[in-house]
Amino acid sequence: MKKQQFDTKTVHFGNNRSQSPVSKVQPIYQTTAYTFKDLEDLESYYSGEHDFLYSRINHPNSDDLGAGVAALEGAEDGVATSSGLAAILAAVVAIVKSGEHIVACNDLYGGTRHLFAHELQSFGIEVTFVSFTEEAAIKAAIQPNTKLLYSESITNPLLRVENIEKMVATAKEHKLLTMIDNTFATPYVLQPLRSGVDMIVHSATKYIGGHSDVTAGVVVGAHEHIARVKEKVANLGCQMGPFDAWLACRGLKTLSIRMERQISNAQQLATFLQGHTSVKTVYYPTNVSEKGAGAIVTIELQPLVSIHAFFKHLSWIKIVATLAGVETSVSYPIGTSHRSLPAEVAASLGITKNVVRISVGIEDIEDIKEAFKEALDLASAE
Ligand SMILES: *Cc1c(COP(=O)(O)O)cnc(C)c1O
């Protein structure tokens, strides 16, 4: 080969090692595509001998995240996406066709509710929202074209625990598929596939990533379903970038120890808040699993306690529109996630202006309790 000129050398440098280095952790495959030796080699991608062609379709970091969550959920396969909502969209359109219908619980995560109520129409998919606490309501909503029952293992923000066994039984009776958003519980607390759920979706932006630094999603289930979800992810452009996938994988490795500490802190904080006179109600479920009930505690302040003063006096606790990081944070559902809900729907769900959702972190529990005590004491004095 002729000696390369300057401009060619600026883009074609690097040591052409005969063997790739074997790194201790998965490297970030920060590349948009993969190369082939010749046309036979390229052809062999299509016969399944190579795993990677173009990073929108899939790449090693994203595959790792899907496989990691699948392993923890006890699923055959998994696929990662650019966000939790992308996971839900890809999963739903993979199994529900135009002209078909979904029955979903009426206390869905706000973003999912919006997707179902306003965006799925463009795909020709209709959704009916009903209270999943009443089996009769679910049955009454099932139509001849119903394909899917959709719910969340622990709902937001009032932490209703879905009766998954019953939901699966209803679905089986009517030959429907089931999908559960397991974001709040995480597979550390609950693995709904073991109760017969067909597919699980996650916002990995929350506990799977765990550090509030990456937006990501995951869908897991049987090979048959996930193969179709993978096509949707590639064709709808729901794939995530390599660095984001790598960050989420790094977060996933510490899921157990983060959850163990966060759940223990949440249990202690819930008990403490129950004893505070400024708190009207503490929402913290029991009996989700032997691992606990997750690390979200929702409270409703007494009617005369100033919600503005409470938020103002939270010292080091951050006010955010997310959850699940290692730092304790609070969110204001009626001002953020449930803002677009019609007032009467919000009221019927129990989401009032005095409801605060607490995402409990890994700090020392005494510091967490002290910070909430201070905010509650000052808010009741105003
Ligand atoms: C955050 C969240 C979502 C949406 O996930 P994004 O990563 O924000 O797209 C879906 N479901 C639940 C329960 C969530 O908390």
Side-chain angles (χ1 to χ4, degrees), residues 62 65-66 69 73 79-93 102 104-120 127 129 132 150-162 164 179-190 192 197 199-220 229 232-233 236-241 244-245 247-248 251-252 259 262 283 285 288 293-298 320-325 329-333 336-341 349 351 357-360:
S62 166
L65 181 59
V69 176
E73 291 281 12
V79 56
T81 58
S82 55
S83 71
L85 270 193
I88 296 165
L89 172 65
V92 164
V93 299
I102 299 171
C105 65
N106 66 352
D107 47 357
L108 283 177
Y109 172 79
T112 310
R113 182 159 181 128
H114 186 93
L115 171 72
F116 282 11
H118 302 291
E119 305 294 345
L120 284 186
V127 186
F129 302 97
F132 269 37
Y150 185 100
S151 187
E152 299 170 356
S153 46
I154 302 176
T155 66
N156 174 49
L158 299 184
L159 313 177
R160 180 179 67 82
V161 180
E162 186 57 84
I164 293 174
M179 194 181 295
I180 285 281
D181 181 332
N182 202 30
T183 300
F184 274 40
T186 83
Y188 175 83
V189 168
L190 205 68
V197 167
M199 285 163 93
I200 293 174
V201 290
H202 275 282
S203 169
T205 311
K206 314 295 166 49
Y207 290 105
I208 287 170
H211 296 76
S212 311
D213 53 12
V214 58
T215 300
V218 180
V219 186
V220 306
V229 183
K232 296 297 176 192
V233 168
L236 294 174
C238 298
Q239 187 54 267
M240 65 190 316
D244 282 354
L247 275 175
L252 182 61
M259 289 312 289
Q262 285 173 263
Y283 296 91
V288 178
I296 304 294
V297 179
T298 298
V320 297
T322 187
L323 59 115
S329 65
V330 293
S331 83
Y332 189 46
T336 55
S337 55
H338 293 70
R339 200 185 179 92
S340 61
L341 270 194
L349 295 173
I351 303 165
R357 190 187 70 196
I358 305 165
S359 171
V360 185

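We count ligands from 1, going down the list as the structure has it; atoms in each ligand are counted the same way. Only this structure's heavy atoms are used, side chains among them; waters, hydrogens and symmetry mates stay out.
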[options]: member with heavy atom nearest to [atom]:
{"atom": "atom 4 (C) of ligand 1", "options": "F184, Y109, Y207", "value": "Y109"}
{"atom": "atom 9 (O) of ligand 1", "options": "T112, L85, T155", "value": "L85"}
{"atom": "atom 13 (C) of ligand 1", "options": "D181, I88, V214", "value": "D181"}
{"atom": "atom 5 (O) of ligand 1", "options": "A185, S337, S203, G209", "value": "S203"}

Practice problem: Please indicate whether any nitrogen or oxygen in L323 is less than 3.5 Å from any nitrogen or oxygen in ligand 1. | Solution: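 Looking only at distances, the answer is no, because the N/O contact criterion of under 3.5 Å is not met.
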Quiz item: Polar-atom distance check: K206 versus ligand 1, any N or O pair below 3.5 Å?
Solution: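 Yes; the residue has a nitrogen or oxygen that sits under 3.5 Å from a nitrogen or oxygen of the ligand.
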Quiz item: Would S151 and E162 count as a side-chain hydrogen bond (donor to acceptor under 3.5 Å, both in side chains) if you check the C-alpha gap in whole Å, the side-chain angles of each, and the deciding distance to 0.1 Å?
Solution: CA-CA 7 Å; S151 187; E162 186 57 84; 2.5 Å; yes
Exercise. Heavy-atom contacts with G84 under 4.0 Å: which atoms of ligand 1 show up? List them by number with element.
Key: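 Per the distance check, 5 (O), 6 (P), 7 (O), 9 (O).
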Quiz item: For ligand 1, which atoms have a heavy atom of T205 less than 4.0 angstrom away?
Solution: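 Near T205, meaning under 4.0 Å from one of its heavy atoms, ligand 1 has 6 (P), 7 (O).
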Practice problem: Check whether the ring centres of F184 and Y207 lie less than 6.0 Å apart, and answer yes or no. | Solution: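 Judged by ring-centre distance (under 6.0 Å), F184 and Y207 do not meet the cut-off.
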Self-check item: Pair Q239-S62, side-chain hydrogen bond (donor to acceptor under 3.5 Å, both in side chains): steps then yes or no
Solution: CA-CA 8 Å; Q239 187 54 267; S62 166; 2.7 Å; yes
Self-check item: T186 vs I208 side-chain heavy atoms within contact, under 4.5 Å
Solution: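 Not in contact.
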Quiz item: Distance under 6.0 Å and angle within 45° of the ring axis: does R357 meet both against Y332?
Solution: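 Cation-pi check for R357 and Y332: fails.
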Exercise. Please say whether more than 12 non-hydrogen atoms of neighbouring residues, nucleotides or ligands are located less than 6.0 Å from NZ in K206.
Key: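 Result for NZ/K206: enclosed.
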